[in-house]
Number of protein chains: 2
Amino acid sequence: MDNKKELKIDDNQDKSTERLIFQAAKDVFHRKGLAGARMQEIADEAGINKAMLHYYFRTKEKLFEAIFNEECSGFFAKLAELINVDLPLLDKIEFFVENYIDLLMKNSYIPVFIISEMHHNPERIKDLFIDRIVSVKHKFLGDITTAVSLGLIRPIDPRQLIVNIMALCIFPIAARPMLTFMMEMDDNEYTEFIELRKKEVSKFIINSIKIN
Amino acid sequence: MDNKKELKIDDNQDKSTERLIFQAAKDVFHRKGLAGARMQEIADEAGINKAMLHYYFRTKEKLFEAIFNEECSGFFAKLAELINVDLPLLDKIEFFVENYIDLLMKNSYIPVFIISEMHHNPERIKDLFIDRIVSVKHKFLGDITTAVSLGLIRPIDPRQLIVNIMALCIFPIAARPMLTFMMEMDDNEYTEFIELRKKEVSKFIINSIKIN
DNA sequence: AAACACCTTAACCGTTTGGTTAATACAAAA
DNA sequence: TTTTGTATTAACCAAACGGTTAAGGTGTTT
């Protein structure tokens with residue numbers, strides 16, 4: 001056939017190897033962390049030769065950094081979306097909590113991954129944070145300050161409130177193994193428990209800061 | 001001198017080498033995690049020969065387990081102390097939060113250590129938890145249920161309340177690097193921030209559950 | 001068809017790793 | 001004094017590790 005070329009199905013899978021590596025590396029790094037991950041295991045999971053890892057990403061460290069950056073960026077981008085929604089503060093908190101917990105459950109490995117790797121190497125994230133998360137936080141911080149001065153919520157240090165909100169959303173996902181043992185839950189009970197939190201947490205927060 | 005033996009100064013330092021190893025291993029495992037820690041680094045930090053590690057604790061895994069168990073046990077023991085104190089629920093929460101945050105700050109590496117290592121190997125802790133933390137939790141859970149049925153606090157799933165309390169205490173210590181970047185705090189500001197939380201968190205919780 | 005650029009592989013390499021061994025020091029027991 | 005059990009060390013080892021190399025494959029350009 002002389003029209004073989006034309007008949008070829010969509011070609012934009014060219015980078016499939018790189019993507020294969022990236023996805024496999026993600027999974028392995030999530031499970032084992034930077035230090036615990038093995039290049040061979042990543043290669044096996046991607047179904048390709050180990051040398052390819054070094055062809056596309058020069059070193060283990062660089063491969064890890066590529067993933068860590070992408071994960072953080074994507075995650076903080078979604079975080080910003082949630083915070084920038086235009087709602088009165090109390091509604092915004094409700095909206096945020098519900099969707100943030102949802103987002104965390106769909107990426108349940110990310111909290112431990114970030115907390116753990118930042119603990120082992122706090123410097124890594126510095127550049128990532130500047131201008132990305134700080135600006136988002138400033139907006140939220142301003143919202144709270146305004147609400148306090150308008151008497152919509154009781155006086156509270158905005159930083160403490162933000163940390164409280166994050167803590168209530170993130171901790172139960174990060175500490176899942178501890179919680180399931182402690183509360184003697186199986187996987188289904190845990191999922192249901194988190195599902196209930198979507199309403200419970202925002203009620204808990206709003207109850208605490210609203211002025212009756 | 002024929003009374004040499006009698007004159008010898010207190011002998012109970014015999015296990016000093018084992019303790020030296022144990023302490024050094026603690027520090028290194030806390031910093032690097034199980035996978036990231038190197039036996040040579042532990043030996044260097046203890047100031048002894050690497051072979052001694054294997055003499056006292058057969059393998060890296062066994063050394064790690066010894067430390068992980070001791071850390072968890074000691075930590076949960078103190079946790080139980082705090083929960084078993086005899087006070088009305090709201091006072092108990094206030095007492096607990098203040099002292100728990102204090103305890104966490106004095107062992108600030110433990111939350112990430114436990115969360116991270118449980119994530120990488122959830123099975124490890126199973127035996128540790130049974131009978132230790134579960135019984136403690138049962139008491140607290142009972143206290144809350146009673147308080148709800150007596151109308152002292154608003155109706156709330158006791159499990160959710162416990163998780164909320166733990167989250168508000170543990171998360172800011174576990175996620176320290178993230179918080180300090182986000183809030184643009186230095187070490188002193190962070191310490192002060194946590195110090196303020198001791199009052200703020202219990203106020204936050206009690207505000208949310210008390211019946212006016 | 002030759003030249004070129006990119007992808008892929010098997011085999012290899014130097015180093016680091018957890019772990020072992022054989023020899024030694026040393027104090028208490030016999 | 002000899003024996004015995006414990007503590008300690010330097011030297012060593014096999015396996016695993018991250019990373020390299022040299023060669024070949026494949027489609028595109030000239």
Side-chain angles (χ1 to χ4, degrees), chain A residues 1-29 31-68 117 120-121, chain B residues 1-29 31-68 117 120-121:
Chain A
M1 303 272 184
D2 46 313
N3 57 349
K4 233 189 292 179
K5 262 190 285 187
E6 280 70 26
L7 284 177
K8 245 195 312 180
I9 301 171
D10 189 358
D11 225 10
N12 65 5
Q13 294 281 63
D14 277 358
K15 285 193 162 186
S16 69
T17 302
E18 192 173 339
R19 289 186 164 272
L20 237 54
I21 293 172
F22 205 80
Q23 188 54 53
K26 252 188 197 176
D27 292 346
V28 175
F29 280 132
R31 288 201 305 266
K32 310 280 181 80
L34 169 57
R38 300 288 156 236
M39 295 299 264
Q40 189 59 59
E41 189 180 352
I42 295 173
D44 290 347
E45 199 147 319
I48 48 100
N49 191 288
K50 182 170 70 101
M52 297 302 288
L53 304 183
H54 296 97
Y55 178 77
Y56 284 102
F57 310 83
R58 290 175 44 77
T59 66
K60 184 189 184 186
E61 192 81 18
K62 285 208 164 47
L63 174 55
F64 179 83
E65 242 158 47
I67 286 164
F68 192 75
E117 297 303 334
H120 295 322
N121 185 355
Chain B
M1 303 275 182
D2 45 318
N3 56 349
K4 232 190 294 181
K5 264 190 284 186
E6 282 68 26
L7 284 178
K8 244 196 313 181
I9 302 171
D10 189 357
D11 224 11
N12 65 5
Q13 294 281 66
D14 277 357
K15 285 192 162 187
S16 69
T17 302
E18 192 172 341
R19 288 187 164 272
L20 236 55
I21 294 173
F22 205 80
Q23 188 54 53
K26 253 188 196 177
D27 292 347
V28 176
F29 279 132
R31 289 201 306 267
K32 310 280 180 79
L34 168 58
R38 299 288 155 237
M39 295 298 265
Q40 188 60 59
E41 189 179 352
I42 295 173
D44 291 347
E45 198 148 317
I48 48 100
N49 191 288
K50 182 169 70 96
M52 297 302 288
L53 304 184
H54 296 98
Y55 178 78
Y56 284 102
F57 309 84
R58 291 177 43 77
T59 66
K60 184 189 183 185
E61 192 79 19
K62 286 208 164 44
L63 173 55
F64 179 83
E65 242 157 47
I67 286 164
F68 191 75
E117 297 303 334
H120 293 134
N121 185 354

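Everything numeric in this text was worked out from a predicted model, so none of it was measured. Here is the naming used below: chain letters follow the sequence lines, and residue numbers restart at 1 for every chain.
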Rounded distance in Å - [atom1] ([X]) to [atom2] ([N]):
{"X": "A:I48", "N": "C:dT9", "atom1": "CD1", "atom2": "C1'", "result": "11 Å"}
{"X": "B:L53", "N": "D:dA10", "atom1": "CG", "atom2": "P", "result": "14 Å"}
{"X": "A:M52", "N": "D:dT21", "atom1": "CE", "atom2": "C1'", "result": "15 Å"}
{"X": "A:Q40", "N": "D:dG19", "atom1": "CD", "atom2": "C1'", "result": "12 Å"}
{"X": "A:N49", "N": "D:dT21", "atom1": "CG", "atom2": "P", "result": "16 Å"}
{"X": "A:H54", "N": "D:dC17", "atom1": "NE2", "atom2": "C1'", "result": "10 Å"}
{"X": "B:I21", "N": "C:dG19", "atom1": "CD1", "atom2": "P", "result": "14 Å"}
{"X": "A:E65", "N": "D:dG18", "atom1": "CD", "atom2": "P", "result": "16 Å"}

Without swapping roles, check the side chain of [X] against the backbone of [Y] for a donor-acceptor pair under 3.5 Å.
{"X": "A:H120", "Y": "B:R31", "value": "yes"}
{"X": "B:K60", "Y": "B:A37", "value": "yes"}
{"X": "A:E117", "Y": "A:L34", "value": "yes"}

Sugar-phosphate, base or nothing in reach of B:A37, heavy atoms under 4.0 Å: sugar-phosphate
[N] phosphate, OP1 or OP2: any side-chain N/O from [X] under 4.0 angstrom?
{"X": "A:R38", "N": "D:dA16", "value": "no"}
{"X": "B:R58", "N": "C:dG19", "value": "no"}
{"X": "A:Y55", "N": "C:dT9", "value": "no"}
{"X": "A:T17", "N": "C:dT8", "value": "yes"}

Side chains of A:Q40 and A:D44, donor plus acceptor under 3.5 Å: yes
Given C:dC7, C:dT20, D:dT20, the nucleotide with the shortest approach to the side chain of B:A51: C:dT20
Under 3.5 Å donor-acceptor pair, A:K50 side-chain atoms to D:dG18 base atoms: yes
Minimum heavy-atom distance between B:M52 and B:I21, given as atom pair plus value: O-CD1, 3.8 Å
